[in-house]
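Structure first, commentary second.
Keep in mind it's a predicted model, so treat the numbers as computed, not measured. In this chain, numbering begins with 1 at the start of the sequence shown. Only heavy atoms go into these numbers, but all of them, side chains included; no hydrogens, no water, no symmetry mates.
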Amino acid sequence: PDNPKNFQITQFNTPIGRNGYIEITKKNGEKKRIEILEAHMEEDTCKSVHGEKTSLLDFNRAGVPLLEIVTKPCIHDSEEAVLYLEKLRELLLYAGVSDCKIEEGSMRCDANISISKSDVFGTKVEVKNVNSFGGVRDCINYEIKRQTKAKEDGTYDTDIIQQTRRWDEESGTTIGMRSKVDAIDYKYFVEPNIPKFKLTDE
């Protein structure tokens, strides 16, 4: 519903860049590399505005190109997430890529959160389009608490499902929007109208 032509153009198989990193410095002075899986272009969708009983769509940004930067699952808490976003914002502003006004939607964050005490990841929950760094911190901390409580109560397997949620600032909670499908359900196919291009060092 948030894309009127019913499909989204994305680079998918041919991202602009792969396997980069951004280095952050934590409060305790420890330096850490946040690894970047890839950066690719795709087109934006409508802005969703959720009310108590209705959801509205603002079509003004639909179809506008955007840059999606995907990290590897190496961020372990909300402090690291916010430090990464602040550093990323600084770099994008310096490079003139974007004005990075998170409150206006020109920089957005989707946070994927799962808890685990081992190398095996738990069930991934995606919180979409959080519109402030404080919101990113708070939604991650909330999801860690929610998922940990379900683990302690023995309801993890039934209560924590792979889904897309949104951050509700007023209640300080995440709210389920839809179940998250696996990649095979996205029905990816090649967009024939994007010509190949080669980026030079310049």
Side-chain angles (χ1 to χ4, degrees), residues 1-3 6-12 15 18 22 34-50 55 57-58 61-62 66-86 88-89 102-103 105-117 119-151 155-188:
D2 58 3
N3 208 334
N6 225 11
F7 66 92
Q8 183 185 39
I9 297 172
T10 174
Q11 282 183 297
F12 187 55
R18 283 193 174 104
I22 287 178
I34 304 299
E35 297 176 78
I36 294 172
L37 179 69
E38 66 177 47
H40 62 265
M41 295 290 289
E42 61 183 42
E43 62 179 331
D44 212 340
T45 57
C46 295
K47 180 181 179 181
S48 302
V49 182
H50 303 286
S55 290
L57 297 174
D58 179 346
R61 72 182 194 200
L66 65 80
L67 176 66
E68 182 162 294
I69 300 169
V70 184
T71 63
K72 293 181 181 177
C74 61
I75 297 172
H76 293 133
D77 57 40
S78 61
E79 181 200 357
E80 291 181 4
V82 171
L83 287 170
Y84 161 72
L85 289 169
E86 287 172 347
L88 179 64
R89 182 178 184 272
I102 196 165
E103 68 284 353
S106 56
M107 181 177 180
R108 300 195 295 280
C109 175
D110 298 344
N112 292 293
I113 304 135
S114 68
I115 61 165
S116 177
K117 288 186 176 177
D119 291 339
V120 180
F121 295 120
T123 302
K124 181 178 72 177
V125 170
E126 181 182 37
V127 183
K128 293 287 280 183
N129 293 335
V130 187
N131 65 0
S132 72
F133 291 165
V136 170
R137 180 197 62 229
D138 294 344
C139 84
I140 290 171
N141 289 339
Y142 173 80
E143 270 302 309
I144 290 170
K145 279 184 194 159
R146 184 178 81 89
Q147 293 179 31
T148 302
K149 186 175 186 312
K151 214 38 149 185
T155 60
Y156 184 84
D157 292 334
T158 53
D159 289 356
I160 308 301
I161 58 169
Q162 191 169 324
Q163 67 176 167
T164 300
R165 298 175 72 85
R166 68 178 177 88
W167 173 243
D168 184 67
E169 223 162 272
E170 259 182 54
S171 64
T173 62
T174 61
I175 295 168
M177 293 183 354
R178 59 185 177 272
S179 62
K180 183 78 176 168
V181 292
D182 291 319
I184 195 161
D185 296 318
Y186 277 96
K187 297 179 176 66
Y188 287 115

Above 12 or not: heavy atoms from other molecules or residues under 6.0 Å from NZ of Lys149?
no

Do Asp110 and Arg108 meet the salt-bridge criterion of a basic N to acidic O distance under 4.0 Å?
no

Indicate yes or no: does Arg146 engage Glu143 in a salt bridge with an N to O separation below 4.0 Å.
yes

Do Lys128 and Arg166 have side chains that get closer than 4.5 Å, going by heavy atoms?
no

Closest heavy-atom pair, Phe133 versus Val82, reported as atoms and distance to 0.1 Å, is O-CG2, 3.6 Å

Here the gap from Met107 atom CE to Leu88 atom CG, rounded to the nearest 0.5 Å, amounts to 4.5 Å

Look up atom CG in Asp168 and atom CD1 in Ile175, then write down how far apart they are to the nearest 0.5 Å.
4.0 Å

How close do Val125 and Arg165 get, counting heavy atoms only, and between which atoms?
CG1-CD, 3.3 Å

Do Met177 and Ser48 touch side chain to side chain, with heavy atoms closer than 4.5 Å?
no

Could you tell me whether the side chain of Gln11 and the main chain of His40 form a donor-acceptor pair under 3.5 Å?
no

Tell me whether Tyr142 contacts the main-chain N or O of Trp167 through its side chain, where contact means a donor paired with an acceptor under 3.5 Å.
no

Any donor-acceptor N/O pair, Glu80 side chain to Ile75 backbone, under 3.5 Å
no

